[in-house]
Asker: 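My questions all concern the structure below.
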Amino acid sequence: MFTIESRDKESNARAGMLRTPHGDIPTPIFMPVGTGGTVKGILQRELTEDIDAKIILGNTYHLYLRPGTEILKAAGGLHSFMSWDRPLLTDSGGYQVFSLSGNRKLNREGAVFKSHIDGSKHVFTPENTIDIQRVIGADIIMAFDECTPWPCEHSYAKKSVELTHHWLDRAVTRFRETEPLWGKEQYLFPIVQGGVFDDLRKISAEKIASAGLEGNAIGGLSVGEPAEEMYRIIEIVNMILPGDKPRYLMGVGTPVNILEAIERGIDMFDCVMPTRNGRNGMLFTSEGTLNIRNRKWMDDFSPIDPEGPSAVSLFYSKAYLRHLVMAGENLGAQIASIHNLAFYLKLVDEARKKIQEGNFRKWKESMVKKLSERL
RNA sequence: GGGGAGAUACCAAAGCGGCCAACUGGGGCAGACUGUAAAUCUGCUGGCGAAUGCCUUCGUAGGUUCGAAUCCUGCUCUCCCCA
């Protein structure tokens with residue numbers, strides 16, 4: 001499934017190719033988040049033509065609640081339902097264990113949820129989240145885990161990671177005893193947990209590695225801990241996770257976070273930041289990060305980004321985009337989202353090229369400096 | 001011509017003797033956002049000051065009162081109804 005094409009000599013960065021039934025994915029890669037069967041505000045055509053997203057995410061919890069598995073089954077899976085023929089990855093709902101913590105109860109069996117839509121009661125288990133993800137039919141599916149909060153006590157993190165490991169065994173069993181519904185192979189990725197505790201992360205990484213699946217993920221990071229903590233955990237975990245398999249850092253992050261993680265051997269990323277922050281007026285540009293709502297852009301008629309990661313970045317001016325966002329026009333959110341996603345995709349694509357060319361480290365240092373600029 | 005209602009901060013609109021530098025919306029200014037309960041949320045929005053605070057405000061000019069955006073009188077303006 002995964003082949004490494006080149007490795008950076010000065011760091012753990014690598015460039016590879018991830019092969020899935022719906023297409024090949026060059027790594028490092030950033031995956032736009034499309035929780036409810038849509039990357040908010042963006043057409044599938046724009047995802048392929050303007051952004052060239054190689055793979056996008058869906059979410060088991062959201063899709064299970066709406067439209068529900070019956071409709072997804074009748075549609076022939078999510079690819080067909082949403083008219084997307086490139087690769088898909090679905091999160092298991094593990095993150096919702098974290099983000100909807102007020103509406104759920106955990107036990108060894110699984111998690112009892114109250115729907116955020118109507119308050120109705122639902123149960124997620126390692127088994128039924130596999131079943132649902134079989135129906136959805138994503139190329140890569142995730143094991144059900146508990147994304148532990150930060151800060152959290154060692155004792156809580158220990159219990160939590162043990163639960164995640166227990167759930168993993170059951171998920172793998174169900175995965176092995178079931179078949180894809182839509183005739184295309186699916187890959188299951190397990191998730192390393194353990195909070196910010198080195199000993200727990202080591203134990204978890206060993207457990208996850210021993211599952212022998214096609215790729216591995218690191219979860220429970222970028223939940224509020226300082227970035228340096230996150231980088232340290234990545235280093236510890238990546239010393240243990242097999243080097244010949246893809247490593248997916250879940251939910252990360254800022255452009256700088258991504259470059260730092262690539263340097264430490266991560267291959268896959270996803271994050272809502274380019275879309276959500278874009279909708280809220282924050283733009284990532286080659287000149288630095290900016291809040292387009294700020295008064296100073298009112299009469300700045302220069303392009304959104306002169307280096308133009310996408311066509312819209314060059315076609316529209318900062319002043320026009322500011323006007324759209326201030327006026328609450330849909331098009332503002334759309335342009336900002338397209339630009340930001342294209343920026344992220346271009347960033348990881350450049351990282352890949354620099355790794356192949358053998359000058360990743362130097363490029364990364366200069367990029368981190370540039371990206372830290374607040375305009 | 002006759003009768004009535006009203007003028008509050010950028011806009012709208014509460015307040016009707018002290019708890020008022022003045023509720024609340026909107027607008028504006030800034031901030032947050034990391035496996036999406038988010039096209040959402042938070043703060044500020046008369047001046048000066050880091051701050052207890054001080055200064056200038058509720059159409060306008062006077063007055064009553066210990067004290068007025070609030071009560072009284074004149075003036076200016078706006079709106080409504082009838083002829």
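Labels below follow one simple rule: chain letters A, B, ... track the order of the sequence lines, proteins then strands, and each chain is numbered from 1.
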Asker: Under the 4.5 Å side-chain heavy-atom rule for ILVMFWY, direct or indirect, which residues accompany A/Val112?
Answerer: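 Hydrophobic cluster check, A/Val112: joined to A/Val123.
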Asker: Using atom P in both nucleotides, what's the gap between B/A14 and B/U64 to the nearest angstrom?
Answerer: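 The same atom, P, in both gives a distance of 31 Å.
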Asker: Have a look at A/Ile191 and say if it touches a base, only the backbone sugar-phosphate, or nothing, with a 4.0 Å heavy-atom cut-off.
Answerer: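 Base, at least one base atom sits under 4.0 Å.
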Asker: What contact category does A/Arg66 fall into here, base, sugar-phosphate, or nothing, at under 4.0 angstrom with non-hydrogen atoms?
Answerer: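 Since no nucleic acid heavy atom lies under 4.0 Å of A/Arg66, the category is nothing.
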Asker: What residues from residues 193-220 of chain A pass a heavy-atom cutoff of under 4.0 Å to RNA chain B?
Answerer: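 Hits under 4.0 Å, by residue number: A/Gln193, A/Gly220.
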Asker: Would you check if the side chain of A/Trp182 reaches a backbone N or O of A/Val135 as a donor-acceptor pair within less than 3.5 Å?
Answerer: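 Confirmed, A/Trp182 side chain pairs with A/Val135 backbone.
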Asker: Between A/His116 and A/Tyr61, does the ring centroid distance fall short of 6.0 Å?
Answerer: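 Between A/Tyr61 and A/His116, which both carry aromatic rings, the centre distance is below 6.0 Å.
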Asker: Look at the side chain of A/Glu263 and the backbone N and O of A/Arg361, then say whether any donor-acceptor pair between them is shorter than 3.5 Å.
Answerer: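 No, A/Glu263 side chain to A/Arg361 backbone: no donor-acceptor pair under 3.5 Å.
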Asker: Counting only side-chain nitrogens and oxygens, does A/Asn280 get under 4.0 Å of the OP1 or OP2 atom of B/C41?
Answerer: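 No, no such contact exists.
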Asker: So what does A/Ser115 touch, heavy atoms closer than 4.0 Å: a base, only the sugar-phosphate, or nothing?
Answerer: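 Nothing, no heavy atom under 4.0 Å.
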Asker: Sugar-phosphate means primed atoms, P, OP1 and OP2; the rest is base. With that split, encode nucleotides 24-29 of chain B 5' to 3' as B, S or - using protein heavy atoms under 4.0 Å.
Answerer: ----SS
Asker: Closest approach to the side chain of A/Val252, judged atom by atom: which nucleotide of B/G31, B/U34, B/G35 is it?
Answerer: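 Looking only at side-chain atoms, A/Val252 lies closest to B/U34.
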Asker: Rounding to an integer number of angstrom, what distance separates B/G27 and B/C81 when you compare their C1' atoms?
Answerer: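 It comes out at 35 Å once rounded to the nearest Å.
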Asker: Is a donor-acceptor pair below 3.5 Å formed from side chain A/Thr275 to base B/U36, judging by atom type as modelled?
Answerer: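 In this structure, the two groups form a donor-acceptor pair.
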Asker: Does OP1 or OP2 of B/A32 have a side-chain N or O of A/Asn277 closer than 4.0 Å?
Answerer: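 For B/A32, OP1/OP2 do not have a side-chain N/O of A/Asn277 under 4.0 Å.
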Asker: Hey, does the side chain of A/Asp50 reach the backbone of A/Ala342 with a donor-acceptor pair shorter than 3.5 angstrom?
Answerer: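 Judged by distance alone, no pair lies under 3.5 Å.
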Asker: Quote, to the nearest angstrom, the C1' distance that separates B/C19 from B/A68.
Answerer: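 The same atom, C1', in both gives a distance of 15 Å.
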Asker: If only side-chain N and O atoms of A/Gln334 are considered, is one of them under 4.0 Å from the OP1 or OP2 phosphate oxygen of B/A39?
Answerer: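 Checking A/Gln334 against B/A39: no side-chain N or O falls below 4.0 Å of OP1 or OP2.
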Asker: Between B/G35 and A/Asp145, counting only base atoms on the nucleotide and side-chain atoms on the residue, is there a donor-acceptor pair under 3.5 Å?
Answerer: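 It does, because a donor-acceptor pair links the side chain of A/Asp145 to the base of B/G35 below 3.5 Å.
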Asker: What nucleic acid atoms does A/Asn257 come within less than 4.0 Å of, heavy atoms only: base, sugar-phosphate, or nothing?
Answerer: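 Contact class for A/Asn257: base.
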Asker: Taking the six-membered ring for Trp, are the ring centroids of A/Tyr64 and A/His122 within less than 6.0 Å of each other?
Answerer: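 Centroid separation for A/Tyr64 and A/His122: below 6.0 Å.
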Asker: Using atom P of each nucleotide, how far apart are B/C23 and B/G18 to the nearest Å?
Answerer: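 Their P atoms lie roughly 16 Å apart.
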Asker: On a whole-Å scale, what distance lies between the C1' atoms belonging to B/A21 and B/U45?
Answerer: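 That atom pair is separated by 13 Å.
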Asker: Looking only at side-chain N and O atoms, does A/Arg276 come under 4.0 Å of OP1 or OP2 in B/U34?
Answerer: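 Checking B/U34 against A/Arg276, a side-chain N or O does come within under 4.0 Å of OP1 or OP2.
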Asker: Roughly how far apart, to the nearest Å, are B/U40 and B/G59 at atom P?
Answerer: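 After rounding to an integer number of Å, I get 37 Å for this pair.
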Asker: Is there a side-chain polar atom (N or O) of A/Gln96 under 4.0 Å from OP1 or OP2 of B/A37?
Answerer: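 Yes, such a contact exists.
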Asker: So, the side chain of A/Ser313 versus the backbone of A/Ile304: is there a donor-acceptor pair under 3.5 Å, distance only?
Answerer: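 A pair under 3.5 Å: no.
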